[in-house]
Amino acid sequence: MSTLAIGQDTVVTLAYLLLDERGDTVEQATVAEPLVYVHGYEEIVPGLEKALVGMVAGDKREISVGPEEAFGPHDEEGVFDVGRTDFPDPEKVQVGDEFIAQSPDGDEVAMRVVEILPEGFRMDTNHPLAGQTVRFQVEVQSVRAASEEEISEAQDRLEHHEHHGDEACGCGHEH
């Protein structure tokens with residue numbers, strides 16, 4: 001019996017550790033609570049998706065992914081100051097707090113507080129891992145052919161993300 005390899009239109013069940021540049025664990029999917037996704041529809045970061053092609057159930061690998069193929073470069077224009085009066089409860093705002101704001105063109109923008117200033121807050125709209133080379137320690141749990149319904153749902157999610165300008169990364173963050 002042949003073993004199905006990861007490729008377009010396969011459903012992949014994956015356990016992983018996501019490590020930042022310092023080697024700290026940022027996120028994980030365990031064997032008990034794995035990530036399950038349809039391969040080929042940008043449901044995980046591009047560099048990881050490319051590196052998984054050809055792997056089979058039981059394979060383990062450490063995969064290093066540069067910023068361009070992971071969470072993007074750090075954009076300095078995504079860091080800006082916001083006045084205290086723009087927050088309903090400014091005395092409760094802390095470094096690390098995340099907020100959703102509306103951009104001038106009506107899109108939702110996720111941002112987090114990176115510094116408390118005398119007159120306001122320094123905000124960052126970059127993904128927390130933007131600009132970093134990250135490492136994934138992966139273990140492929142299973143690979144199977146996707147059903148027509150699973151493929152259709154994956155295509156719909158991809159079209160939604162392309163239309164709304166956000167990216168699916170499999171990292172638990174909207175960006």
Side-chain angles (χ1 to χ4, degrees), residues 2-21 25-75 77-78 98-112 124-175:
S2 66
T3 303
L4 185 61
I6 295 174
Q8 185 71 32
D9 298 335
T10 57
V11 174
V12 180
T13 302
L14 189 69
Y16 70 87
L17 279 178
L18 169 57
L19 307 168
D20 65 14
E21 283 187 334
T25 300
V26 176
E27 184 178 288
Q28 67 180 356
T30 63
V31 172
E33 294 184 28
L35 170 67
V36 179
Y37 75 97
V38 181
H39 195 85
Y41 295 92
E42 299 178 17
E43 294 186 8
I44 60 175
V45 298
L48 178 59
E49 188 169 53
K50 290 174 187 173
L52 291 172
V53 171
M55 292 180 71
V56 298
D59 283 354
K60 295 179 183 181
R61 184 177 300 163
E62 182 165 295
I63 299 165
S64 181
V65 183
E68 300 77 22
E69 292 289 312
F71 301 99
H74 188 270
D75 179 5
E77 290 184 18
E98 294 185 359
F99 297 91
I100 301 294
Q102 195 168 17
S103 71
D105 57 2
D107 291 333
E108 286 188 347
V109 178
M111 60 179 76
R112 71 187 182 294
D124 190 346
T125 60
N126 289 286
H127 185 282
L129 296 173
Q132 292 191 37
T133 295
V134 296
R135 290 180 294 136
F136 290 89
Q137 294 174 350
V138 301
E139 181 179 349
V140 179
Q141 302 297 302
S142 67
V143 182
R144 66 171 174 79
S147 68
E148 291 297 322
E149 182 179 348
E150 289 168 322
I151 292 168
S152 177
E153 289 171 359
Q155 288 171 332
D156 289 347
R157 284 190 299 272
L158 177 60
E159 289 172 13
H160 173 80
H161 291 308
E162 287 175 345
H163 175 73
H164 288 81
D166 51 3
E167 298 175 36
C169 68
C171 71
H173 293 96
E174 292 291 324
H175 58 96

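All residue numbers in this chain count up from 1 along the given sequence.
Remark: R135 engages E62 in a side chain to side chain donor-acceptor pair (under 3.5 Å) (not counting sequence neighbours). Scored by the side-chain contact (heavy atoms from CB on, under 4.5 Å) test, E68 finds no partners at all (sequence neighbours excluded). Not counting sequence neighbours, E153 has no partner by the salt bridge (charged side-chain N to carboxylate O under 4.0 Å, His left out) test. For the salt bridge (charged side-chain N to carboxylate O under 4.0 Å, His left out) test, no residue two or more places apart in sequence or in another chain qualifies with E49. Under the side-chain contact (heavy atoms from CB on, under 4.5 Å) criterion, Q132 pairs with D20, E21, L129, V134, not counting sequence neighbours.
The nearest pair of heavy atoms linking A57 to S142 is CB-CA, 3.9 Å. Shown here for V31 and Q141, the closest heavy-atom pair between the two residues is CG1-OE1, 3.5 Å. Nearest heavy-atom pair across A70 and P46 is O-CD, 4.2 Å. Contact detail for A5 and G54: the closest heavy-atom pair is CB-O, 3.7 Å.
Other residues, nucleotides and ligands place more than 12 heavy atoms under 6.0 Å from the CD atom of Q155.
Atom CG of residue N126 and atom CE of residue M111 lie 11.5 Å apart, to the nearest 0.5 angstrom. Atom CD1 of I63 is separated from atom CG of L52 by 4.5 Å, given to the nearest 0.5 angstrom. Taken from CD in E42 to CZ in R157, the straight-line distance is 12.5 Å, to the nearest 0.5 Å. Between atom CG of residue L14 and atom CG of residue L48 there is a gap of 6.5 Å, rounded to the nearest 0.5 Å. T133 OG1 to E69 CD: the interatomic distance, rounded to the nearest 0.5 Å, is 11.5 Å. With rounding to the nearest 0.5 angstrom, the CD atom of E139 is 11.0 Å from the OG1 atom of T30.
Judged purely by atom type and a 3.5 angstrom limit, R61 has no side-chain atom pairing as donor or acceptor with the backbone of F136.
At least one side-chain heavy atom of Y41 sits under 4.5 Å from a side-chain heavy atom of I151. V12 places none of its side-chain heavy atoms less than 4.5 Å from the side chain of M55. Under the 4.5 Å side-chain criterion, counting only non-hydrogen atoms from C-beta, V56 is not in contact with V143.
Residue pairs meeting the salt bridge (Lys or Arg N to Asp or Glu O under 4.0 Å) criterion with at least one partner in residues 5-15, sequence neighbours excluded, are absent.
A side-chain donor from one of H39 and Y37 sits under 3.5 Å from a side-chain acceptor of the other.
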